[in-house]
Amino acid sequence: MAVLNLVQAINAALQQALESDDRVLLLGEDIGKDGGVFRATDGLFEQFGDGRIIDTPLAESGIVGMAIGMAVYGLRPVAEIQFLGFCYPAIDQIFTHAARIRARSRGRYSCPLVIRTPYGGGIKAPELHEESSEALFCHMPGIKVVVPSTPSNAKGLLLAAIEDPDPVIYLEPTRLYRLLKEEVPEEPYLTPIGKARIARAGQQLTIVAWGSMLELVMRAAENYDAEIIDLLTLSPFDRETLLASVQKTGRVLIVHEAAKTGGLGAELAATIAEEAIMSLRAPIRRVTGYDVVLPLPLLEDYNLPTTKRIVAAIEELLRY
Amino acid sequence: MAVLNLVQAINAALQQALESDDRVLLLGEDIGKDGGVFRATDGLFEQFGDGRIIDTPLAESGIVGMAIGMAVYGLRPVAEIQFLGFCYPAIDQIFTHAARIRARSRGRYSCPLVIRTPYGGGIKAPELHEESSEALFCHMPGIKVVVPSTPSNAKGLLLAAIEDPDPVIYLEPTRLYRLLKEEVPEEPYLTPIGKARIARAGQQLTIVAWGSMLELVMRAAENYDAEIIDLLTLSPFDRETLLASVQKTGRVLIVHEAAKTGGLGAELAATIAEEAIMSLRAPIRRVTGYDVVLPLPLLEDYNLPTTKRIVAAIEELLRY
Amino acid sequence: MPSQLIASFQINRLSILAPDGQVDESLMPELSDSQLLQIYELLCYTRMADQRALDLQREGRLGTYPSSLGQEAAQIGSGFALRAQDWIFPAFRELGVMLCHNYPLELIYRFWTGDERGQQTPEGVNIFPMCIAVGTHVLHAAGAALAAKYRGDDMVAAAFLGDGGTSKGDFHEALNMAGVYKLPLVVICQNNQWAISVPRQTQTGAETLAQKAIAHGIRGVQVDGNDVLAVYQATKEALDRARNGEGTTFIECETYRMSDHTTADDARRYRDPEEVKKWQERDPLLRMRRFLDQQGLWSDGDQAQLELTLKERLTRVVKAAESFAAPNPEEMFRSTCHQLSSRQQEQLKECLNGRT
Amino acid sequence: MPSQLIASFQINRLSILAPDGQVDESLMPELSDSQLLQIYELLCYTRMADQRALDLQREGRLGTYPSSLGQEAAQIGSGFALRAQDWIFPAFRELGVMLCHNYPLELIYRFWTGDERGQQTPEGVNIFPMCIAVGTHVLHAAGAALAAKYRGDDMVAAAFLGDGGTSKGDFHEALNMAGVYKLPLVVICQNNQWAISVPRQTQTGAETLAQKAIAHGIRGVQVDGNDVLAVYQATKEALDRARNGEGTTFIECETYRMSDHTTADDARRYRDPEEVKKWQERDPLLRMRRFLDQQGLWSDGDQAQLELTLKERLTRVVKAAESFAAPNPEEMFRSTCHQLSSRQQEQLKECLNGRT
Ligand SMILES: Cc1ncc(C[n+]2csc(CCOP(=O)(O)OP(=O)(O)O)c2C)c(N)n1
Ligand SMILES: Cc1ncc(C[n+]2csc(CCOP(=O)(O)OP(=O)(O)O)c2C)c(N)n1
Ligand SMILES: [Mg+2]
Ligand SMILES: [Mg+2]
């Protein structure tokens, strides 16, 4: 097994998918010779050529719209949108078409499309380069949303997304791209979509996080007997694992970097309040980004959750 | 006072805004001679001419993008998007620009823009004509979202939206356009943004709804001692009114037609679970549309909340 | 080196069949008599099927419906030129195109009653679901064309959209992609002069829609959209070029929407009846019939016979459409994704437990 | 009535000032000697300010920064032609344009350190915040132009974007609106041949970008973007037409991105150094300096003096930029909407209580 960082694991998954299935091809801005602005597609252009690693004009709706046509026609396109903040121009294609083609044609057509995009804060990048609006995509039936948290699940989730017969949004936590390294199995394998992972077992409270926040939570909760759930799939999220843990601990903390109001944390909390409220000993706390327009680098650390804020919330919950 | 239905009240508000403030102008598809596909702008073209009632090419991103330029330049544009389902192509302009111009320029510029759009189900219309994806817009700091439920608050909310210095999405429940009639004051008045309305006071449980569902809830809950909250402003929603009612009743039912997962009901439930959980006697129930791609007319009644489903949830809650 | 001419472009308009039925022999496409008759029958079938839909709607047996009255030539001329292996990406008004390719009319009626099963394209028919979101589907055609090129399939993608659709950004992103990748794609614009109440000249400042191709380095032509032979010929040429690796053609068919936008619309609010009259004289069916008359290929008797046959066929079609069992709500759940989430399973139970 | 020519279009390219400093007198714009010197000084200031930004970034005193090296003529030529009352809608690489209109350089540096206050345009300067989302802001310029037309203001809106931006749907929706409403608008494309790693010919199949105007019935011209006099002249003409109600012009300035895309990019991965060399010979500053030499308006002494002055100015600017107090997190909250919601008030307290 080679030691890879998260972006290398993504690169390896793409390389294996391209090798094993000629229906797979990649399209996006700067993914060819340049190897992607984060190098996620590094070397693939050289190996597979411009017929399968397709540099596109600067048009996100166009990239996703074309990928939809390819997917319905029978290919397995993997589209890269350079940053989540530039998925907004493609939302119409995602919501209006990718999400609905199966239902619209009552199963006659389907849309096995993967949209990869770097997301999240903490990298001191310009405006629109640190969005974490994952919740928007979790409110649209017909698409799935996954977020890896380690190099190994990054590889397995991406291969699973490419095999999935439905459209999958694959969000890549940019802050983790080179931060985390670990041994990653060489052979292809699938990390099942729809299943969460118990990142650490615990008794006193349940902490739910994903992507970059999972790494933060692991550090912040080190000295607590917390069960840490790495959601991995945001839509459809793993209700069973979540509720089982809450029934055990009776205390819940949800951490995400997106703005609090309307974030995915709201759905997780609402699900618990509807289905497991009797097991709760304390309020359901959310530590999240604030309800503000995402700040530029000089202020971003004031907006993103910190270990301090997480610890404060843990302490508060444990007082119940 | 004249008796008006909801669409006539909207028309009256637009007419008064146009008369009293020459910074106000309207743009959108078919709003001119045709008076809008629902007649919301009926007669305005004749009164104010094509300089202020502007028929546009078929381009939603273009409509909103231009309206943003007008607003920042100093006008008070009211853009109509023909249906909420056709706001998706404009989401990039709304999220990337309308919502951020004030923050981006640290207050040097602002974007007093209103986007009116018919929304919601129950009218047996074609695909994409019955969306209720209001939650998407409530997760984006920098914009406000309002939904009228009666002719009189339709007029007051629209005038308030036009006066508001920030971008406001004004969602018009199509099912109510001609269903509800009531006396509406002739003179202009404002229904404050950010304030909910107690549509009916009660003791045993709190039911939260908005737009078309409010009308349904009023009928369904007729024989129960329920406090019915008409949210009116979805973002920022009226936390105080909500929490006060929950503290009184201890039971909560939230009703919306959008898909359950990630709907605005989730945020309301999460807020209660975080800030008023100790007053709860029962789980927080949500009666909503299902997590399915919106069906066409023949199946839509199976997806939309019904009085039966609402009554069943009420009965269930009262058992606690 | 002063101000220097660096590029020049021309837009041509093709017409072959005049309103009086005369044709320009030099441009006459290679069509056998039986093909010419087939085309005329399709024109008539489209018009009668459309009229029948309007009747059904008036009787409350169909939902909101967009009539194709007046656009039959633009639809049959192009549809007839497309081959079975080509993929068709319709907007929502391409009744004629779909009938050319044996899309079951009962399914089309079903769809307009508000039943998704109407979009379950039969196996072997390569027609994408109708697209309600104007202008957004040309990208899907471009993607399919790129996929076919990648696979080496002998397939040309054909997208249909209206004049209004040419104002959408997606339309331009698609044409630009087509120009960059030299895609085997034909984009056929049904310029029926109106987008609901917005007339052609408010839709764009361009003199022609065909010239929009120039922005993207692809070929653009205009044809008389009420001239079924010209539309056929232009489409045929575009398909041949696409197959020969010469890339994409954008075809503007100048025609006219004789009906209201849909059954929910009232065009008298915004449109001068005189204009409608003017276009009646350019009726695409009449024109073709005159031509067939003059060729001695058609008689009043043939016409009466044809109308009788089609009427009977329509009766059978309506019967078939209306004998569908009501859709099962379970469909909503089963067709959202390939599997149900645990929450969807619960919701399905609740839904079937008939709380509704 | 066979295939008939119905429309034809031409694209011209304007150049006035040759690399050797020779000008085409017949096309020479009306500019006084002092204006010519002003232009040259702005060219030099832009280049030095850009170089300084790159240095600061290398020293970790600035964040990711997009250099305008090589594009000075395309920026100063157009910026100099715009009047104070005109509104400017920049992308993110228009350093020169902003300097022409007295946008404080210290604010620009501030912005690239990641400080929103850098976009607090001073009162009286009509420059919109820089736009990171490529191609989306041309619509804002169109809207402002429509607003000015409605109000009867003597204002022309000018939007700047790159070659990559012309592939975005929003760009086309904006140009189409401009054509429909005959807007007082000038859209200036900085065609620097690259969109990060994507070369011009992969961006579009069109031979020129200027011809994209044809799709929307507006005027399109190409200019030598390294020829500051041609860019000035083309912009001036476009502004005069806009003011005379003749509508919108799209100007393609052919220039070259001499640096990496940004300081986060490494162009050697995808671009041939030979190409860069070739463009060095067309340097826009050198060209203007040769011209001024030949006119006897400029000497090596003047050059030395100017560089000394500008250097000193830059030192003051950097000092000003770096003497800003750190931004207050309260800003994030106060500038999201005009008032705080009750939840935002709580969040602000939490944020200030320094849990961070
Ligand atoms: C993106 C989008 N915006 C608005 C609508 C509402 N609408 C339906 S058809 C139509 C006009 C379309 O005009 P055109 O493209 O010319 O096609 P036609 O109806 O004339 O066949 C409009 C505005 C829509 N369906 N999709
Ligand atoms: C909508 C959008 N997509 C992608 C990006 C990422 N990105 C930033 S600049 C750039 C290339 C822009 O090229 P061009 O328009 O030619 O401007 P230039 O950088 O050459 O000045 C890209 C892809 C972006 N900022 N916005
Ligand atoms: Mg039309
Ligand atoms: Mg460029």
Side-chain angles (χ1 to χ4, degrees), chain A residues 22-23 25 27 51-52 54-75 77 79 89 92-93 95-97 99-113 141-144 164-167 193-194 233 235-240 271 275, chain C residues 87 89 115-123 125-126 128-133 136-151 153 155 157 159 168-170 172-181 183 216 327 331-344 346:
Chain A
D22 65 9
R23 296 172 307 166
L25 45 73
L27 66 163
R52 293 182 71 188
I54 303 171
D55 265 327
T56 64
L58 206 167
E60 288 74 18
S61 189
I63 291 166
V64 172
M66 281 216 303
I68 290 169
M70 293 173 164
V72 178
Y73 187 73
L75 300 185
D92 186 36
Q93 284 292 337
F95 287 178
T96 301
H97 294 299
R100 298 178 205 232
I101 278 170
R102 179 187 292 276
R104 181 179 294 153
S105 66
R106 281 300 183 253
R108 166 67 162 86
Y109 299 110
S110 65
C111 189
L113 159 68
I143 52 178
K144 298 166 184 176
D164 197 277
D166 292 310
I193 290 176
T233 296
S235 178
F237 66 95
D238 183 346
R239 226 167 29 133
E240 293 62 31
T271 299
E275 304 180 40
Chain C
W87 274 61
F89 297 77
D115 186 341
E116 286 87 353
R117 292 173 300 175
Q119 300 235 68
Q120 252 172 345
T121 310
E123 286 301 327
V125 177
N126 296 324
F128 226 64
M130 294 185 221
C131 181
I132 297 296
T136 56
H137 59 300
V138 186
L139 282 165
H140 309 156
L146 186 51
K149 192 174 178 177
Y150 165 69
R151 280 191 170 165
D153 297 347
M155 181 286 261
K168 289 281 290 184
D170 276 5
H172 288 280
E173 293 194 5
L175 262 52
N176 191 53
M177 296 285 188
V180 168
Y181 302 114
L183 297 178
H216 309 293
E331 280 182 22
M332 304 190 293
F333 293 87
R334 299 272 171 218
S335 64
T336 289
C337 285
H338 76 294
Q339 290 166 330
L340 298 187
S341 69
S342 71
R343 173 168 280 169
Q344 285 172 316
E346 276 177 21

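Here is the naming used below: chain letters follow the sequence lines, and residue numbers restart at 1 for every chain. Because the structure is a prediction, the values reported are computed rather than measured.
Using a 4.5 Å cut-off between heavy atoms, A:Thr56 touches chain C through backbone and side chain atoms alike. Contact of C:Glu123 with chain A is made through backbone and side chain together, with heavy-atom distances under 4.5 Å. For A:Leu25, the part lying under 4.5 angstrom from a heavy atom of chain C is the side chain only. When heavy atoms are compared at a cutoff of 4.5 Å, A:Asp22 approaches chain C by way of both its backbone and its side chain. Interface residue A:Ala59: backbone and side-chain heavy atoms are both found under 4.5 Å from chain C. Both the backbone and the side chain of C:Ala142 come within contact range of chain A, judged by heavy atoms closer than 4.5 Å. For A:Ser105, the parts sitting under 4.5 Å from any heavy atom of chain C are the backbone and the side chain alike.
Annotation: the span from A:Tyr109 atom OH to C:Ser335 atom OG amounts to 15.0 Å, rounded to 0.5 Å. Interatomic distance, CG of A:Leu27 versus OH of C:Tyr181, reported as 7.0 Å (0.5 Å rounding). Note: A:Gln93 CD to C:Leu139 CG = 5.5 Å, rounded to the nearest 0.5 Å. Residue A:Glu275 holds its CD atom at 5.5 Å from CZ of C:Arg343, rounded to the nearest 0.5 Å. Residue A:Met66 holds its CE atom at 12.0 Å from CG of C:Asp170, rounded to the nearest 0.5 Å.
The side-chain contact (heavy atoms from CB on, under 4.5 Å) test with C:Cys337 is passed by exactly one of A:Ile143, A:Asp164, A:Asp166: A:Asp166. Only one option out of C:Trp87, C:Tyr150, C:Phe89 pairs with A:Tyr73 in a ring pair (Phe, Tyr, Trp, His ring centres under 6.0 Å); it is C:Trp87.
Of the listed residues C:Arg334, C:Met155, C:Gln344, C:Gln339, the one with more heavy-atom pairs under 4.5 angstrom with chain A than any other is C:Met155. Of the listed residues (C:Lys149, C:Glu346, C:His137, C:Arg117), the one with the most heavy-atom contacts under 4.5 Å to chain A is C:Glu346. Counting heavy-atom pairs under 4.5 Å between each of C:Pro129, C:Ser341, C:Ala157, C:Ala145 and chain A puts C:Pro129 at the top. Between chain C and the options A:Arg239, A:Lys144, A:Arg23, heavy-atom pairs under 4.5 Å are most frequent for A:Arg239. Across C:His172, C:Met177, C:Met332, the residue that shares the most heavy-atom pairs under 4.5 angstrom with chain A is C:Met177. Residue with the most contacts toward chain A among C:Val180, C:Leu146, C:Asn126: C:Leu146 (heavy-atom pairs, distance under 4.5 Å). Each of C:Ala133, C:Cys131, C:Ala148, C:Ala141 has some count of heavy-atom pairs under 4.5 Å with chain A, and the biggest count is that of C:Ala148. When the candidates A:Ser61, A:Gly74, A:Gly51 are compared by the number of heavy-atom contacts under 4.5 Å with chain C, A:Ser61 comes out ahead.
The two residues C:Ala147 and A:Leu75 come nearest to each other via the heavy atoms CB-CD1, 3.4 Å. What you find for A:Gly62 and C:Glu173 is that their closest heavy atoms are N-OE1, 2.6 Å. Counting all heavy atoms, side chain and backbone alike, C:His140 lies closest to A:Gly65 at CD2-O, 3.3 Å. Listed here is the closest heavy atom pair of C:Gln120 and A:Arg106: NE2-O, 2.9 Å. When all heavy atoms are compared, the tightest approach of A:Arg108 to C:Thr121 is NE-O, 2.6 Å.
Using a 4.5 Å heavy-atom cutoff, the side chains of A:Arg104 and C:Met130 are not in contact.
C:His338 and A:Ser110 share no donor-acceptor pair across their side chains, judged by distance under 3.5 Å alone.
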